[in-house]
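In the text below, chain A, chain B and the rest are named by the order of the sequence lines, each starting its count at 1.
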Number of protein chains: 8
Amino acid sequence: LRQGFPEVIFGQGKTVPQMRTIITALLAKGGNILATRVTPGKGAKLREQFPQAVYHPEARALTIEQHEIEIRGAGTVLVVCAGTSDIPVAAEALLTARLMGNEVAALYDVGVAGLHRLLAKGKVLAEASVLIVVAGMEGALPSVVGGLVDKPVIAVPTSVGYGASFQGVAALLGMLNSCAAGVTVVNIDNGFGAAYAASLINRR
Amino acid sequence: LRQGFPEVIFGQGKTVPQMRTIITALLAKGGNILATRVTPGKGAKLREQFPQAVYHPEARALTIEQHEIEIRGAGTVLVVCAGTSDIPVAAEALLTARLMGNEVAALYDVGVAGLHRLLAKGKVLAEASVLIVVAGMEGALPSVVGGLVDKPVIAVPTSVGYGASFQGVAALLGMLNSCAAGVTVVNIDNGFGAAYAASLINRR
Amino acid sequence: LRQGFPEVIFGQGKTVPQMRTIITALLAKGGNILATRVTPGKGAKLREQFPQAVYHPEARALTIEQHEIEIRGAGTVLVVCAGTSDIPVAAEALLTARLMGNEVAALYDVGVAGLHRLLAKGKVLAEASVLIVVAGMEGALPSVVGGLVDKPVIAVPTSVGYGASFQGVAALLGMLNSCAAGVTVVNIDNGFGAAYAASLINRR
Amino acid sequence: LRQGFPEVIFGQGKTVPQMRTIITALLAKGGNILATRVTPGKGAKLREQFPQAVYHPEARALTIEQHEIEIRGAGTVLVVCAGTSDIPVAAEALLTARLMGNEVAALYDVGVAGLHRLLAKGKVLAEASVLIVVAGMEGALPSVVGGLVDKPVIAVPTSVGYGASFQGVAALLGMLNSCAAGVTVVNIDNGFGAAYAASLINRR
Amino acid sequence: LRQGFPEVIFGQGKTVPQMRTIITALLAKGGNILATRVTPGKGAKLREQFPQAVYHPEARALTIEQHEIEIRGAGTVLVVCAGTSDIPVAAEALLTARLMGNEVAALYDVGVAGLHRLLAKGKVLAEASVLIVVAGMEGALPSVVGGLVDKPVIAVPTSVGYGASFQGVAALLGMLNSCAAGVTVVNIDNGFGAAYAASLINRR
Amino acid sequence: LRQGFPEVIFGQGKTVPQMRTIITALLAKGGNILATRVTPGKGAKLREQFPQAVYHPEARALTIEQHEIEIRGAGTVLVVCAGTSDIPVAAEALLTARLMGNEVAALYDVGVAGLHRLLAKGKVLAEASVLIVVAGMEGALPSVVGGLVDKPVIAVPTSVGYGASFQGVAALLGMLNSCAAGVTVVNIDNGFGAAYAASLINRR
Amino acid sequence: LRQGFPEVIFGQGKTVPQMRTIITALLAKGGNILATRVTPGKGAKLREQFPQAVYHPEARALTIEQHEIEIRGAGTVLVVCAGTSDIPVAAEALLTARLMGNEVAALYDVGVAGLHRLLAKGKVLAEASVLIVVAGMEGALPSVVGGLVDKPVIAVPTSVGYGASFQGVAALLGMLNSCAAGVTVVNIDNGFGAAYAASLINRR
Amino acid sequence: LRQGFPEVIFGQGKTVPQMRTIITALLAKGGNILATRVTPGKGAKLREQFPQAVYHPEARALTIEQHEIEIRGAGTVLVVCAGTSDIPVAAEALLTARLMGNEVAALYDVGVAGLHRLLAKGKVLAEASVLIVVAGMEGALPSVVGGLVDKPVIAVPTSVGYGASFQGVAALLGMLNSCAAGVTVVNIDNGFGAAYAASLINRR
Ligand SMILES: Nc1ncnc2c1ncn2[C@@H]1O[C@H](COP(=O)(O)O)[C@@H](O)[C@H]1O
Ligand SMILES: Nc1ncnc2c1ncn2[C@@H]1O[C@H](COP(=O)(O)O)[C@@H](O)[C@H]1O
Ligand SMILES: Nc1ncnc2c1ncn2[C@@H]1O[C@H](COP(=O)(O)O)[C@@H](O)[C@H]1O
Ligand SMILES: Nc1ncnc2c1ncn2[C@@H]1O[C@H](COP(=O)(O)O)[C@@H](O)[C@H]1O
Ligand SMILES: [Mg+2]
Ligand SMILES: [Mg+2]
Ligand SMILES: [Mg+2]
Ligand SMILES: [Mg+2]
Ligand SMILES: [Mg+2]
Ligand SMILES: [Mg+2]
Ligand SMILES: [Mg+2]
Ligand SMILES: [Mg+2]
């Protein structure tokens with residue numbers, strides 16, 4: 001089942017000793033390991049015990065690759081976001097998609113208030129097989145991207161913003177009401193979940 | 001005060017006899033009259049008594065022009081919306097802006113999921129002095145328009161949509177979180193209020 | 001673009017004359033036509049003018065097939081729901097998926113409170129390429145189905161229920177928080193959107 | 001009244017000196033004592049003064065058993081949850097149920113996305129007299145368990161999750177809309193309340 | 001399984017022909033039948049075909065008793081509510097509990113703003129084995145009743161009220177936060193669900 | 001205007017230097033001073049400069065009485081609450097009412113789940129002219145008290161509780177829906193506002 | 001108890017026959033009768049049987065005065081509102097206050113966007129003993145009035161408005177957060193409750 | 001585009017090194033720089049590297065003026081707020097408007113509960129070209145100000161308050177429902193956005 005996929009640990013709320021135990025057990029199974037939601041502090045402590053681990057600060061994730069990742073996806077998973085504050089979620093998605101055996105690409109500086117940068121990237125958009133579009137605030141980017149491509153778009157609202165963004169609710173509602181067909185949505189900040197779904201789609 | 005502006009009646013929840021009394025009183029003052037939120041049925045009954053009245057079905061409004069409208073706005077108020085269902089609100093804004101002494105223009109068939117139609121209208125957008133952007137569902141249009149122009153944008157969320165649109169709340173939140181600077185927002189479906197604010201802006 | 005897909009009309013809020021005009025225009029383009037959210041009354045009136053149209057009462061939709069549907073999907077799109085009240089949304093998804101060139105199958109009587117019926121259908125589940133899981137009330141079915149298969153699952157919350165179901169919000173939140181990876185979500189009652197996304201996925 | 005039940009202190013928001021005073025007073029009454037919502041720090045300080053006290057880190061609770069617990073429940077109270085993060089709430093329920101004179105059992109590693117582990121425990125489920133089912137995120141577990149047994153199920157939503165889990169609201173709504181009959185619900189994270197109700201049920 | 005329980009039909013949203021088909025099928029199984037959420041109009045039509053059916057206007061339910069109800073509950077299920085507007089929900093609970101083989105009793109005129117009527121009924125309260133407490137508006141009755149008895153209390157919020165009652169949300173929240181231990185809660189207006197849970201509890 | 005009332009400072013969000021400046025200015029006016037929402041730390045620092053000030057830890061308030069308080073209220077203002085956690089808000093109300101020239105009394109240990117303690121205090125309740133009833137969680141106490149007296153009841157919801165108490169929203173909604181006539185409501189935790197209104201009422 | 005107060009019937013949700021029975025019973029007790037929330041249709045039917053009844057269309061209420069109303073209030077209860085749409089709630093308050101033995105006065109055409117009309121009424125405001133301020137939309141009127149008087153102000157939010165008024169929630173929140181001390185709040189549209197509380201206050 | 005406007009950095013969530021890099025790059029472009037949402041700590045660190053920078057503690061902002069600000073606005077932008085707690089947002093608006101080339105003025109001590117202070121400032125209000133009105137709690141100030149002037153009013157809700165202010169939601173809703181025409185609204189605490197829109201309006 002799910003062959004080629006890494007073992008995954010959801011790091012949030014787990015202590016370093018708890019994670020150590022889990023990682024040790026998973027290492028024995030021989031597969032690659034992806035731990036998400038790992039703070040820099042926890043990451044540093046885990047790397048003391050597991051020097052082969054890599055900590056990815058942008059994605060707040062830790063990986064241990066025990067074997068090379070075999071590409072099993074049919075095309076490229078493209079991760080799109082508008083700017084600095086959404087990057088942690090986008091990076092979690094990008095890393096997850098890569099670990100799950102996909103060719104990946106990223107487009108991190110394109111927002112709906114500056115369309116020309118996005119439109120200039122038409123070729124990159126057109127070449128993707130599945131798109132993960134990450135956006136906070138009003139969450140309009142997936143609609144715009146969805147209107148430009150004919151591929152499945154997975155929208156990830158982020159908790160970025162303040163006031164009436166309500167920790168990602170505004171973006172979530174915007175995405176659920178997207179006027180572009182072909183857009184589906186995952187939970188706020190769930191870059192991992194978007195990449196998992198994209199991997200299932202890409203594999204087929 | 002507010003010279004040149006019509007007398008305004010908010011028709012919602014008023015009976016035909018109540019409106020008759022108000023209109024008769026306002027006619028005596030000699031100005032133009034704008035009644036918003038008037039159903040076709042009420043409009044027909046009012047036109048029996050006031051044959052000089054015009055009913056605007058799209059805008060659900062009734063006007064009586066006792067004197068020619070003097071243009072007092074400095075530039076054009078442009079009303080933008082994406083499609084059929086938002087037209088009643090857009091038309092209320094357009095009619096109000098015209099009655100308040102503005103040159104007006106409309107762009108009714110441009111949505112964020114079909115950017116090319118919007119981008120093709122760059123000249124119309126650039127020539128406007130104030131823009132009223134009407135949108136339901138995810139309410140992304142004001143952000144996109146706001147990114148294309150350097151003029152004040154008044155965003156009007158509409159109650160169009162279903163499910164997680166929550167009668168316009170999704171669009172309202174999207175607009176309040178707009179990533180384009182220069183966007184301000186009025187109440188859901190408040191085409192009148194947007195046009196009133198646009199008139200104050202344009203007059204100056 | 002999107003070749004092989006039908007022309008689509010969102011019938012909600014459109015009058016019969018408006019729909020007649022649109023359908024007439026679309027017929028001239030030669031493609032198949034799908035009109036969703038069409039009440040039985042409107043459907044009957046439209047069939048008077050367009051006798052070649054078929055009205056689908058379960059799906060509350062009207063179709064006109066001007067040419068045979070070419071199968072362009074790689075596998076089967078399976079639509080799953082728990083019971084009677086969710087069927088209109090499930091049927092909208094099923095019809096849409098079929099019109100968009102997919103082999104389709106349906107599993108309409110499986111709920112989380114009677115797991116054995118669902119588990120007995122393991123083979124049907126395993127053979128699908130993409131699954132659309134429709135559920136109201138607590139919206140738990142996509143998590144359970146998602147745990148049984150390794151294919152993309154598109155979850156559709158429905159507005160079925162009462163009290164604390166809040167017109168589909170409970171189901172929507174349940175699905176967004178699904179503990180099964182690979183689940184993405186569309187708007188409440190949006191059977192069409194789920195099928196559109198499934199078609200994009202299946203085509204690839 | 002409520003003979004055999006321990007004296008209970010709700011520790012949240014109480015200072016150590018306040019708790020000392022209450023515990024001293026209750027000790028004099030001769031019964032057993034259960035203090036819930038006690039942080040490890042407070043627990044350690046209280047154990048200095050009351051060396052006979054036992055601190056239960058998983059349940060975040062402190063107990064003093066001045067006499068043996070007499071079993072007064074007719075059957076077994078079974079506490080079910082899906083995984084690591086829900087365990088504090090489950091453990092509070094388990095400890096409370098035991099202190100209140102019930103035979104208790106726990107099933108801590110069964111979730112709806114991995115049904116087979118749950119189904120493998122059919123015998124344990126069938127032998128329980130009352131079930132307490134603890135779940136965060138989408139809160140689907142009580143529906144699934146409720147469909148497998150013919151005993152009262154008390155559902156406890158937890159505040160575990162992120163984004164659209166809204167600190168337990170998603171799970172709470174899911175449980176209130178449970179499609180399995182026989183499920184009743186308590187407040188988010190209220191393991192104590194669930195066990196109290198279960199004890200009243202089991203006693204009868 | 002669940003022997004002695006009637007077959008149940010949730011009438012809401014079902015047409016008379018649909019209900020006829022279901023009732024006919026269930027009659028063949030020989031058990032008693034309970035259809036809830038049946039409007040008077042539907043009830044009258046169904047009684048034409050099934051003259052042995054009884055329509056209960058207060059409970060908005062229809063029953064067909066093919067055999068005498070065997071009492072299988074250990075004690076009395078008592079249904080408590082404050083006044084006129086909550087009676088439909090209370091009556092649904094009472095009827096359901098009776099059909100499920102319980103001795104039942106009702107206390108319909110006791111509210112928290114007139115405590116003396118409630119306190120005067122101390123004996124009735126004390127003799128019940130399980131209590132179902134139905135309340136709208138502020139939903140305080142279950143807390144008060146729960147403080148007077150040592151038996152399980154199932155609280156049912158009703159959608160009765162206006163303004164800030166939010167169709168039962170105020171009552172629901174009040175009950176979930178009950179300061180009386182031993183209170184569990186079901187969905188808004190879910191008299192049936194409360195009685196089902198009460199029957200499982202009473203049977204044991 | 002408002003003669004006899006103290007000068008009031010809302011301490012929340014003000015720095016110690018800011019408060020010093022304000023207090024110094026107010027002292028010069030010769031009246032009494034009440035500063036609410038003052039943390040113990042700020043209170044200690046302010047008492048260094050103003051040794052005549054009294055810090056009230058329970059009420060989290062600081063007072064400076066430059067002249068004796070003249071009783072101007074016609075009767076007694078009674079502050080009622082259920083238990084430990086609501087005391088800070090009750091104490092703020094009690095202190096404010098006293099500073100504003102009222103005879104005051106308090107009843108701090110009466111809750112709806114233990115009616116007998118409340119009923120035993122019938123005489124105290126009956127003798128009050130205005131009642132301030134403070135309650136968190138389900139907020140039922142004002143309804144019960146309101147049913148026992150024929151005097152104005154001001155209800156103060158508190159943010160005490162967890163989970164579905166939503167920081168006082170459950171209590172607030174309960175109070176707004178009170179089934180006892182004569183109950184009015186102030187903002188969550190607003191003991192000051194309740195006492196101010198009570199003082200206006202009592203003075204008359 | 002409550003001598004001098006009329007008997008009150010809450011008409012909403014009661015049938016004409018139910019109301020007939022209640023009125024007949026209350027008439028026998030000899031007091032005055034006030035039925036609120038009575039539609040014109042119901043009012044007309046009740047007046048057939050009770051010709052001595054008076055129907056008040058503005059207040060949507062029906063009264064039967066069996067004896068003259070004795071004035072028991074110490075001063076005048078003043079009801080203030082801004083305009084046409086809030087009048088039904090204001091009129092319910094005014095009628096209730098009068099029936100409960102108060103001198104009453106009304107100020108119906110004063111809104112916060114036209115302060116001068118309100119300021120011109122300073123004498124009327126100053127002469128009132130208790131003020132009931134009714135407002136929909138942003139609910140700002142009670143703050144403004146509360147700043148002008150030193151008497152208790154009871155604020156009544158109304159469900160008037162559209163879009164983000166959320167059926168009175170915007171007005172309710174505005175009133176709960178009033179920056180004017182001395183303001184207390186009742187449920188949305190609860191003119192009756194405001195007048196009842198005002199009567200208790202005025203009587204003292 | 002937007003000539004004369006400063007380069008803007010949104011400081012929230014950015015680290016000091018990130019800001020250093022951005023500022024260095026922007027300095028090279030030769031324009032003025034405005035960084036908003038900069039904490040005092042960050043401000044101090046940035047001033048070490050950029051001694052020409054000015055930190056504005058009230059506005060929580062940092063500016064570097066590389067050239068004199070050219071006045072390009074036609075009139076004065078007036079920023080109005082009620083009191084101490086709203087000043088940070090008002091100051092952010094004032095500073096932004098000044099940097100964007102406007103004559104600016106401020107009115108910081110006028111609230112709706114003390115109208116006379118506001119009315120005394122009629123001349124200042126009348127002389128403004130655009131008004132930014134900042135208010136927390138019930139957010140009534142923009143309605144009152146909007147009723148006094150005939151110029152565009154931009155309302156900024158603040159997150160100031162507690163309890164039912166819900167971090168600015170009460171103020172936001174109040175402003176969206178303003179009964180004064182000509183009022184538009186921006187996100188909670190968004191002083192910058194209000195000033196940006198005011199600058200676009202004033203420039204024209
Ligand atoms: N960032 C994430 N958000 C949501 N779910 C995650 C995330 N990372 C991992 N998961 C899920 O959490 C599971 C592991 O959870 P656990 O066993 O608690 O470590 C994985 O199988 C994933 O399905
Ligand atoms: N569609 C509308 N939405 C909101 N406010 C409106 C609308 N139309 C008119 N108004 C306002 O309503 C006022 C008239 O209200 P009324 O006196 O009740 O007829 C006008 O002065 C406008 O400020
Ligand atoms: N974890 C818990 N959640 C909710 N209520 C609790 C909890 N633990 C104890 N209680 C209740 O709190 C009461 C004691 O409260 P107190 O007197 O404030 O210590 C007990 O009688 C229980 O009803
Ligand atoms: N605890 C409180 N809650 C709400 N308002 C308060 C409170 N304490 C004082 N106030 C109000 O705050 C005003 C003083 O505010 P300030 O000038 O900011 O200190 C007083 O006149 C009171 O109306
Ligand atoms: Mg697309
Ligand atoms: Mg712009
Ligand atoms: Mg799966
Ligand atoms: Mg069951
Ligand atoms: Mg009890
Ligand atoms: Mg009373
Ligand atoms: Mg006042
Ligand atoms: Mg104005």
Side-chain angles (χ1 to χ4, degrees), chain C residues 81-86 109-122 125 133 135-150 153 155 157-185 188, chain D residues 81-86 109-122 125 133 135-150 153 155 157-185 188:
Chain C
C81 82
T84 327
S85 346
D86 296 328
D109 195 29
V110 291
V112 300
L115 277 185
H116 298 294
R117 273 203 309 275
L118 180 64
L119 295 173
K121 298 291 181 178
L125 293 172
V133 185
M137 301 178 72
E138 86 264 66
L141 194 55
S143 286
V144 171
V145 170
L148 297 174
V149 302
D150 257 353
V153 170
T158 70
S159 54
V160 162
Y162 64 90
S165 82
F166 298 127
Q167 280 80 53
V169 170
L172 171 63
L173 296 185
M175 291 167 178
L176 286 168
N177 286 286
S178 175
C179 52
V183 175
T184 60
V185 186
I188 297 164
Chain D
C81 81
T84 327
S85 346
D86 297 328
D109 195 30
V110 293
V112 300
L115 277 185
H116 298 294
R117 274 203 307 276
L118 180 64
L119 296 173
K121 297 293 182 178
L125 293 172
V133 185
M137 301 178 72
E138 85 263 66
L141 195 55
S143 286
V144 170
V145 170
L148 296 174
V149 302
D150 257 353
V153 170
T158 70
S159 55
V160 163
Y162 64 88
S165 81
F166 299 127
Q167 279 80 53
V169 170
L172 171 63
L173 295 185
M175 291 167 178
L176 287 168
N177 286 285
S178 175
C179 53
V183 175
T184 60
V185 186
I188 297 165

Legend entry - Those residues that, when tested against C/Ser165, pass side chain to side chain contact (heavy atoms under 4.5 Å, CB included) (two or more places apart):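 Partners of C/Ser165 under the side chain to side chain contact (heavy atoms under 4.5 Å, CB included) test: D/Asn177.
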
Legend entry - D/Met137 side, atom CE; C/Leu176 side, atom CG - distance, nearest 0.5 Å: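 The CE atom of D/Met137 sits 11.0 Å away from the CG atom of C/Leu176.
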
Inset, instruction - List for me each residue that meets side-chain hydrogen bond (donor to acceptor under 3.5 Å, both in side chains) alongside D/Ser143, sequence neighbours excluded, and say none if there are none. - result: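 By the side-chain hydrogen bond (donor to acceptor under 3.5 Å, both in side chains) rule, D/Ser143 matches C/Glu138, D/Ser178.
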
Legend entry - Derivation of the side chain to side chain contact (heavy atoms under 4.5 Å, CB included) call for D/Leu115 and C/Leu115: CA-CA 9 Å; D/Leu115 277 185; C/Leu115 277 185; 3.8 Å; yes

Inset, instruction - Could you look at C/Tyr162 and say if it's the side chain, the backbone, both or neither that has a heavy atom under 4.5 Å from chain D? - result: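 Contact with chain D: backbone only.
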
Inset, instruction - Let me know if D/Leu172 has heavy atoms under 4.5 Å from chain C in its side chain, its backbone, both or neither. - result: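 Contact with chain C: none, neither part.
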
Inset, instruction - May I ask you to name which of D/Gly163, D/Ala164, D/Gly174 has the most heavy-atom pairs under 4.5 Å with chain C? - result: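 Winner by heavy-atom pair count: D/Ala164.
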
